Number of protein chains: 2
Amino acid sequence: MENIITKYKEKGLRLTPQRIAILKYLDGNTGHPTADNIYRDIKRRYPTLSFATVYNTLQTLKEHGGIMEITIDSMRKHYDPNTTPHHHIICVDCNEIWDVFEDYSKVLRLPPHLTREVRIAGAHVDFYGLCRKCQKRKGVKM
Amino acid sequence: MENIITKYKEKGLRLTPQRIAILKYLDGNTGHPTADNIYRDIKRRYPTLSFATVYNTLQTLKEHGGIMEITIDSMRKHYDPNTTPHHHIICVDCNEIWDVFEDYSKVLRLPPHLTREVRIAGAHVDFYGLCRKCQKRKGVKM
DNA sequence: TCTAAATTTAGAATAATTATAATGTATGGA
DNA sequence: TCCATACATTATAATTATTCTAAATTTAGA
Ligand SMILES: [Mn+2]
Ligand SMILES: [Mn+2]
Ligand SMILES: [Zn+2]
Ligand SMILES: [Zn+2]
């Protein structure tokens, strides 16, 4: 809690109440929130909060490696304060996202004609399927 | 060429010049075009073409399993007429997308607590990196 | 306390996509 | 071949996520 704050202070980032609120909201958050999720939550305590501030702060955090941007959902960007390499599962119905902490780096090999074309920096695996809640709601046979 | 057309006729889809042009544009296209790519190209021959028609047709094709929607690029949706399971590489600089036809299905195993939570339907691997062209443009040491 | 530079803000702008409602046309049967 | 009609296209407006702008405010260090 206090360490994320000093951590960002050390990076030369100015601390404002809004930024602290966003940092606290993100700290340990495994829910993969959208900018709107963050805005709505913090707006309750800081009614003058602007969307621009949320986007600016997310941008700054991204640049400093404090968060990752998740592109698994084509509707909107999600953010992940866990920047250790990991993967995701998305429910194709409710768009909820789960973490996958398996290490596939050894098995995701590429043929030479592709590694020649692109210098690979990493890989994300996006699993997709129907979550239990949505299976139930849609009456899927278990 | 003619077979895609009869193929979609059999699905009960009405064939219009616009749809035929879109089908022909997509047939065998490995470039992962956006709606805008398609619109611009076909607009030249059909100047009255509307964006709505492109989006409607893509939606219809998606529903009939004729194309896949690619979410690797957070800026815009890309479409892929190759619906056989495969993966992608995206250049983080120019957003060009390459196909990866490796079969990782055997090695992408999930722990039981996750397969219990979500009935997995599939997985896509998104590789990311810098393509040769962008390495050169940015003066990256090879 | 003072100041410069960074940050926040309201609001406008942009861009991708979807919705609407009027007009046009493909298609199967008379 | 002609017609009816269900389906498709179109121009346009609406929606939504995100970014930009410029003025006002705040931070942090001297
Ligand atoms: Mn995550
Ligand atoms: Mn592809
Ligand atoms: Zn679900
Ligand atoms: Zn590139």
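All values below come from the heavy atoms of this structure, side chains included, with hydrogens, waters and symmetry mates left out. In the text below, chain A, chain B and the rest are named by the order of the sequence lines, each starting its count at 1. Please read these numbers as outputs of a predicted model, since none were measured by experiment.
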So does [X] get a side-chain nitrogen or oxygen closer than 4.0 Å to the phosphate oxygens (OP1/OP2) of [N]?
X       : N      : value
B:Thr16 : D:dA8  : no
A:Lys77 : D:dT19 : yes
B:Ser50 : D:dT9  : no
A:Tyr55 : D:dT18 : yes

Item to complete: For A:Leu15 and for B:Gln18, find the nucleotide of DNA chain D with the closest heavy atom, then tell me which residue's nucleotide is more 5'.
Response: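 The answer here is B:Gln18.
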Worksheet item: With a 4.0 Å cut-off on heavy atoms, is A:Pro17 in touch with a base, just the backbone sugar-phosphate, or nothing at all?
Response: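 Counting heavy atoms under 4.0 Å across all strands, the contact made by A:Pro17 is with sugar-phosphate only.
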Item to complete: Give A:Thr53 one of three labels, base, sugar-phosphate or nothing, depending on what nucleic acid heavy atoms sit under 4.0 Å from its own.
Response: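 Base contact - A:Thr53 has a heavy atom under 4.0 Å of at least one base atom.
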Worksheet item: When you measure from the side chain of A:Asn56, which nucleotide among C:dA10, D:dT18, C:dT8 comes out closest?
Response: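 So the nucleotide nearest the side chain must be C:dT8.
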Worksheet entry | Listed nucleotide nearest any side-chain atom of B:Arg76, set D:dT19, C:dA19, C:dA16 |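 Among D:dT19, C:dA19, C:dA16, the one nearest the side chain of B:Arg76 is C:dA16.
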Worksheet entry | A:Arg14 (side chain) and C:dA5 (base): donor-acceptor pair under 3.5 Å |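 Indeed there is one.
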Worksheet entry | Donor-acceptor pair under 3.5 Å, B:Arg19 side chain vs D:dA8 base |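 A donor-acceptor contact between them is absent.
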Worksheet item: Can you tell me how far the OG1 atom of B:Thr60 sits from the CD1 atom of B:Ile22, to the nearest 0.5 Å?
Response: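 Atom-to-atom, B:Thr60:OG1 and B:Ile22:CD1 are 9.5 Å apart.
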Practice prompt. Evaluate the side-chain proximity of A:Glu69 to A:Lys62: yes if any heavy-atom separation is below 4.5 Å, no if none is.
Written response: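 Yes; the side chains approach each other to less than 4.5 Å.
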Practice prompt. Taking the six-membered ring for Trp and the full ring for Phe, Tyr or His, determine whether the centres of A:Phe101 and A:His87 are under 6.0 Å apart.
Written response: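 No: the rings miss the under 6.0 Å criterion.
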Worksheet item: Can you tell me how far P of C:dA16 sits from CG of A:Asp73, to the nearest Å?
Response: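 Interatomic distance, CG of A:Asp73 to P of C:dA16: 18 Å.
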Practice prompt. Classify the side-chain pair B:Asp99/B:His88 by whether it contains a donor and acceptor separated by less than 3.5 Å.
Written response: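 Judged by distance alone, the side chains do pair up.
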